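Read through the structure below, which is laid out as structure tokens, and then see the notes.
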2 protein chains.
Amino acid sequence: MTAVEKRNGELIAARTRCEHCPLRQREHFRDFDPDELDFVSQFKTGELTADAGASILVEGAHSAHLFTVLAGWAFRYKILEDGRRQILNFVMPGDLIGLQGSLMGEMQHSVEALTAVTLCVFERGRLRTLFEKYPDLAYDLTWIAAREERILDEHLLSIGRRSALERAGYLLAFLNRRARACGLVEHGKILPISQQHLADTLGLSLVHTNKTLRKLADRKLLHWRERGCEVLDEDGLCELAGWVDPVTRGRPFI
Amino acid sequence: MTAVEKRNGELIAARTRCEHCPLRQREHFRDFDPDELDFVSQFKTGELTADAGASILVEGAHSAHLFTVLAGWAFRYKILEDGRRQILNFVMPGDLIGLQGSLMGEMQHSVEALTAVTLCVFERGRLRTLFEKYPDLAYDLTWIAAREERILDEHLLSIGRRSALERAGYLLAFLNRRARACGLVEHGKILPISQQHLADTLGLSLVHTNKTLRKLADRKLLHWRERGCEVLDEDGLCELAGWVDPVTRGRPFI
DNA sequence: CGAAATCTTGAACATGATCAAGCGCGGTGG
DNA sequence: CCACCGCGCTTGATCATGTTCAAGATTTCG
């Protein structure tokens, strides 16, 4: 059994060629020039698919790979010895995972698939070439890391200083906005997330999360159905949380 | 009055030459090769000093600069409209600030000096050259961003899932360890931090923070004096919080 | 159809927030 | 030199937000 199979996933030859990458067609993302596209095509060594609930990366592992999500949802998390879990952020198409592990040798958090997920697999060993020959891509990598940092800053503010209601409002607005940008929640689709996931992200208990979500539902800001959450009024949620999102355009990815 | 003077700071010609940078001499940091050192010398366009309590960077500003702390302590924070403040992380010698602003145009958090601070000032405009000509430094920048991300992950876990006592234990162990690595708390020096700062980092009220610190002091883990905190038993604090720190060596900086 | 998740709700409890007041020390000005 | 002032630390009392426990409803899936 290979490491990949242990993950309940399947490593396969690349099916989606970078030239036809569906992400590049979304205006949300920046475009490559032909030379970069060529390199990225070579950088990508395969695809990995994982079922919902499968582990993609595990804390403590010395992962040799770097991934970009091509389709599906996942989440990054850490757990304490006694099982308390904190979800750090969600991962959607275009997001990079495993950078920490690639640069610093060891993963300090785990990643789990929330839905069925397809990942582009990159060879860590070629990172050096990327930095040496493709400064624009290197710049993008740094940009991506800085973006994640910004998101974590926001979450920290939220968990540290916002009330449960504000926190939940902020998180759902945040998730919905990101999902929209990736084309994941067009025409009334739901966020494929359980209340337990939200609780573990918000730093609240499951019971209190449920009661808090009920209040938001009573205010017609969201609606819970089919094991997921439909955001009805993103602006209302933002207002509740006192959150204004800095708009991002031409965002890089690899 | 220039922007710099508004900060209660003073922009001066570089006094400390990179060739004699005191940070490079600490084994904690990685060394440059002569070529890199040469570039960094040119990249550095001056020094900024700021008094304790002065603002170094302000949320919303379009900062043109990137800084590395040469001496002193500062902290990054965000505030909500009604004044609730969350400290995101502390900044010590060797740490870089303003990367988010440099890459993405606008600062999403503020930075304030905790003690008198000396900063190396870098010209944002030359970042492009850095990425084009010095891939190792570019790699370091990415590494630095990934490191900050790792730290924020830890803090998020702490605030989201640890009790007040565990949280305080973790934070003080974390700060003390970092300060030691930078040579800031040799021979019984104290962390130059008020209980209000700790409260705003922990996401707790001032009163509760005080009561929590008292418990730690009763257990002889720390000692409060001269407006600062002396950590008496770092290992004890780590154990209390259930925290094991991954050791870092040859850490990059710019 | 039964089993396993997931969501929901009420009640008792605990952790941490808020309010209020006092203390101690260093700095300032008379 | 001393009195006063202000900031930061301390402490008790009361209050509120969120946790834990317990149980039932609902949905999904084998």
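Numbered from 1 within each chain, the chains take letters A, B, ... in sequence-line order. Keep in mind the model is a prediction, meaning the values are calculated, not measured.
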Open item on the list: Can you measure B/Asp82 atom CG to C/dT18 atom P for me and round it to whole angstrom units?
Closed with: 11 Å
Open item on the list: For chain B and DNA chain D, what are the first and last nucleotides along the strand, 5' to 3', with at least one atom under 4.0 angstrom from a heavy atom of the protein chain?
Closed with: D/dC7 to D/dA13
Task: Upstream residue (5' side of DNA chain C) when B/Leu204 and A/Gln195 are each assigned their closest nucleotide - done: A/Gln195
- [ ] Let me know the distance between CG of A/Leu206 and P of C/dT9, rounded to the nearest Å.
- [x] 13 Å
- [ ] State yes or no: are the ring centers of A/Phe75 and A/His197 separated by less than 6.0 Å?
- [x] yes
Task: Atom-pair distance (CG on B/Leu202; P on C/dG16), nearest Å - done: 11 Å
Open item on the list: Check for me whether A/Arg76 meets the cation-pi criterion with A/Phe90, that is, NZ or CZ under 6.0 Å from the six-membered ring centre and within 45 degrees of the ring axis.
Closed with: no
Open item on the list: Tell me if a side-chain donor or acceptor on B/Glu148 pairs with a main-chain N or O of B/Ala145 at a distance below 3.5 Å.
Closed with: no
- [ ] Answer yes or no: is there a side-chain heavy-atom contact under 4.5 Å between B/Arg177 and B/Leu237?
- [x] no
Task: Distance, rounded to the nearest Å, where B/Asn210 contributes CG and C/dA17 contributes C1' - done: 14 Å
- [ ] Looking at every strand, decide which applies to B/Thr212 at a 4.0 Å heavy-atom threshold: base, sugar-phosphate, or nothing.
- [x] nothing
Task: Distance, rounded to the nearest Å, where A/His197 contributes NE2 and C/dC7 contributes P - done: 10 Å
TODO: For A/Leu191 and C/dC7, give me the distance from atom CG to atom P, rounded to whole Å.
DONE: 13 Å
Task: B/Leu165 CG - C/dA14 C1' separation (whole Å) - done: 15 Å
Open item on the list: Under 4.0 Å, heavy atoms only, any strand: does B/Gly203 hit a base, just the sugar-phosphate, or nothing?
Closed with: sugar-phosphate
TODO: Specify the residue among B/Lys211 and A/Val207 whose closest nucleotide of DNA chain C lies further upstream toward the 5′ end.
DONE: A/Val207
Open item on the list: Would B/Arg85 pass as a cation-pi partner of B/Tyr77, given that its NZ or CZ must be under 6.0 Å from the six-membered ring centre and within 45 degrees of the axis?
Closed with: yes
- [ ] Answer yes or no: does a side-chain N or O of A/Gln196 lie under 4.0 Å from OP1 or OP2 of C/dA5?
- [x] no
Open item on the list: Between C1' on C/dT6 and CG on A/Leu213, what's the gap in Å once rounded to a whole number?
Closed with: 13 Å
- [ ] Assign B/Ser194 to base, sugar-phosphate, or nothing according to its heavy-atom contacts below 4.0 angstrom with the strands shown.
- [x] sugar-phosphate
Task: Presence of A/Arg227 side-chain N/O under 4.0 Å of C/dC7 phosphate oxygens OP1/OP2 - done: no
TODO: May I ask you to test the B/Asn89-B/His155 pair for a side-chain heavy-atom distance under 4.5 Å?
DONE: yes
Task: A/Leu232 side chain reached by A/Leu221 side chain, heavy atoms, under 4.5 Å - done: no
